[in-house]
Asks: 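There's a structure below that I have some questions on.
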Amino acid sequence: MLDPKLLRDDLASTAQRLAARGYTLDVDTLATLETRRKVLQASTQELQNERNVRSKSIGKAKASGEDIAPLLAKVGTLGEELDAAKAELSTLLAQIDTICAGIPNLPHESVPAGEDENDNVEISRFMTPPEFAFEPKDHVDVSAGLANGLDFETASKLTGSRFVVMHSHIAAMHRALAQFMLDTHTRQHGYAEVYVPYLVNHDSLFGTGQLPKFGADLFHTQPATEEGQSLSLIPTAEVPLTNIVRDSIVDEAQLPLKMTAHTPCFRSEAGSYGRDTRGLIRQHQFDKVELVQIVKPEDSFAALEELTGHAEAILQALVLPYRKMVLCVGDMGFGACKTYDLEVWLPGQQAYREISSCSNMQDFQARRMQARYRAKGAKKPDLVHTLNGSGLAVGRTLVAVLENYQQADGSVAVPEVLQPYMNGLTVIPANA
RNA sequence: GGAGAGGUGGGUGAGUGGCUGAAACCAGUUCCCUGCUAAGGAACCGUACGUUAAUUCGUACCGAGGGUUCGAAUCCCUCCCUCUCCGCCA
């Protein structure tokens with residue numbers, strides 16, 4: 001949610017900034033509603049004031065034993081007028097809320113212009129893509145060369161397409177990756193490990209911005225139209241982690257709050273059919289180790305650099321080639337003000353593919369969640385800034401390891417940092 | 001799942017129809033006093049929106065949403081959540 005003051009006082013320039021990221025703000029409608037709101041709110045409050053004053057006088061009269069009948073008569077139609085005004089005002093407010101809830105965040109000045117992923121700008125690279133002495137396979141074929149690995153056929157029997165069953169060393173490596181990531185973030189990067197629910201309510205989804213606009217991307221336990229009790233599977237641990245501070249005022253001394261969690265993520269991915277249908281890249285269920293920071297406003301951009309660095313540290317420790325991109329305005333997510341994507345090199349695809357996305361949401365989510373902190377000496381609590389990033393997507397990291405660590409004989413070397421997590425295993429042998 | 005008890009400001013916790021935006025205590029802020037420390041005293045101290053020269057005034061908010069009433073934290077209904085006991089269960 002944007003600061004309502006921006007929409008009242010700087011409507012035109014705000015609309016212009018939104019247009020840069022491809023969002024058309026209906027300025028005229030909003031301005032009209034806003035003007036009407038102001039008038040209506042003032043007149044409603046006036047009516048309420050009148051009612052309060054008169055009711056009070058009735059109370060006093062009654063207490064002193066006077067006849068209250070004439071006073072009651074005087075109140076007369078006030079109630080009806082007030083009800084009508086209240087009804088109109090609440091409809092109006094609901095209309096304004098609906099519009100405001102659907103407005104994306106404003107991009108930071110440093111974010112490059114552009115329409116889609118083709119306009120993202122490369123910031124840096126780690127390693128150069130390795131040369132293979134043989135034709136590198138993609139992860140599906142690499143796995144197929146092992147004794148037992150990724151099993152899409154069984155998953156589709158159990159559930160459907162875009163799910164996977166993992167066996168044996170691959171399942172163990174998947175687990176090892178998550179463990180390694182968690183350990184690194186908690187022991188070296190200062191994050192507190194958190195275990196969170198995988199089902200969340202609508203308030204949480206509204207808080208981080210998945211609702212009301214992106215409900216179709218989620219799995220719901222009940223029809224989404226049903227009011228109130230419907231729970232949804234988390235599309236990312238960002239939702240439960242960030243909402244921990246929803247509706248609360250955090251002590252300044254507690255900031256920055258740095259939290260990490262390993263969870264499965266569930267996405268119905270409505271818009272992506274036909275893309276990445278092969279392999280693990282785009283699944284309805286995947287694991288991710290998420291990083292979330294709750295910080296003071298003045299620290300959020302430094303925190304974005306730091307958090308992105310924490311995700312990079314994982315790739316570096318795994319010795320996987322990657323590049324760091326800054327997303328252009330058109331490719332950023334709904335609530336983001338600035339986003340870095342980390343793209344890992346996949347020899348099987350001869351391409352860099354997204355493996356982490358790190359964003360500074362500024363106060364966009366905090367305003368939706370009413371997540372605030374009280375600065376020492378300040379009279380009013382202030383909205384916190386929230387950040388999140390993948391550190392990393394576990395399934396895609398597994399893909400990257402399988403493809404980058406494949407060997408000529410069909411076996412897969414185990415990255416050094418994972419070996420302690422895999423009982424000292426150094427190589428996943430090829431199928432004999 | 002069954003029975004009961006509750007949800008009030010940053011925290012604890014009074015308040016059963018009008019003088020309660022809400023006692024008291026704790027925390028916090030400012031000041032006073034005592035040579036440090038400790039203790040003591042006084043004042044201030046919720047959020048949002050509108051309004052104002054102004055912390056001026058107004059409105060709303062006592063889990064959420066409805067209802068009754070001239071008037072609701074207080075009465076009624078629905079929902080959510082917490083606690084205790086029982087049942088079931090990894």
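Values reported hereafter were calculated over all heavy atoms of this structure, with side chains retained and with hydrogens, waters and symmetry mates removed. So you know, we letter chains A, B, ... as the sequences are listed, proteins then strands, and number each from 1.
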Asks: Select from A:E50 and A:K60 the residue whose nearest nucleotide in RNA chain B is closer to the 5' end of that strand.
Replies: A:K60
Asks: Look at the side chain of A:Q45 and the base of B:G58, then say whether one donor and one acceptor between them are separated by less than 3.5 Å.
Replies: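 Flag set: donor-acceptor pair detected.
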Asks: I'd like the P distance from B:G40 over to B:G50, given in whole Å.
Replies: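 After rounding to an integer number of Å, I get 43 Å for this pair.
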Asks: Using the ring of each side chain (for Trp, its six-membered ring), is A:H185 parallel, tilted or perpendicular to A:H189, with breaks at 30° and 60°?
Replies: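 Geometry flag for A:H189 against A:H185: tilted rings.
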Asks: Just checking, is any N or O donor in the side chain of A:Y191 or A:H310 under 3.5 Å from an acceptor N or O on the other one?
Replies: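 Their side chains do contain a donor-acceptor pair, which is all the 3.5 Å distance test asks for.
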Asks: Counting heavy atoms from C-beta on, name the nucleotide in B:C70, B:G50, B:A48 closest to the side chain of A:K38.
Replies: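 Ranking B:C70, B:G50, B:A48 by closest atom to the A:K38 side chain puts B:G50 first.
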Asks: Please determine whether a side-chain nitrogen or oxygen atom of A:R367 lies at a distance below 4.0 Å from atom OP1 or OP2 of B:A48.
Replies: no
Asks: Taking the C1' atom in each of B:G17 and B:G2, what is the distance between them to the nearest angstrom?
Replies: 35 Å
Asks: Within the pair A:R8 and B:G50, is there a side-chain N or O less than 4.0 Å away from OP1 or OP2?
Replies: yes
Asks: What integer number of Å spans the C1' atoms of B:G28 and B:G10?
Replies: 9 Å
Asks: Mind checking the P distance from B:A72 to B:G18? Whole angstroms is fine.
Replies: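 Their P atoms lie roughly 11 Å apart.
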Asks: How about CD on A:Q316, more than 12 heavy atoms from neighbouring residues, nucleotides or ligands closer than 6.0 Å, or not?
Replies: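 Enclosed.
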Asks: Are OP1 or OP2 of B:G58 and a side-chain N or O of A:N49 less than 4.0 angstrom apart?
Replies: no
Asks: Taking atom C1' in both B:U59 and B:A5, compute the distance separating them and give it to the nearest angstrom.
Replies: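 Per the computed distance, 35 Å lies between those C1' atoms.
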Asks: Please report, rounded to the nearest Å, how far the P atom of B:A48 is from the CG atom of A:D97.
Replies: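 From A:D97 CG to B:A48 P: 17 Å.
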Asks: Can you figure out which of B:A60, B:G50, B:U47 approaches the side chain of A:P381 most closely?
Replies: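 Ranking B:A60, B:G50, B:U47 by closest atom to the A:P381 side chain puts B:U47 first.
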Asks: Please determine, by modelled atom types, if A:N52 and A:S55 share a side-chain donor-acceptor pair under 3.5 angstrom.
Replies: no
Asks: What nucleotide, of B:G10, B:C49, B:A60, holds the atom closest to the side chain of A:R51?
Replies: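 For A:R51, the side-chain atoms sit closest to B:A60.
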Asks: Check whether any side-chain nitrogen or oxygen of A:N52 sits under 4.0 Å from OP1 or OP2 of B:A60, and answer yes or no.
Replies: yes
Asks: For nucleotides B:G58 and B:G4, find the distance between their P atoms and express it as a whole number of Å.
Replies: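 Going atom to atom, P in each nucleotide, I get 45 Å.
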Asks: Just checking, is any N or O donor in the side chain of A:S204 or A:N201 under 3.5 Å from an acceptor N or O on the other one?
Replies: yes
Asks: If you check every side-chain atom of A:S55, which of B:A60, B:C49, B:G18 has the closest atom?
Replies: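 The nucleotide sitting nearest to the side chain is B:G18.
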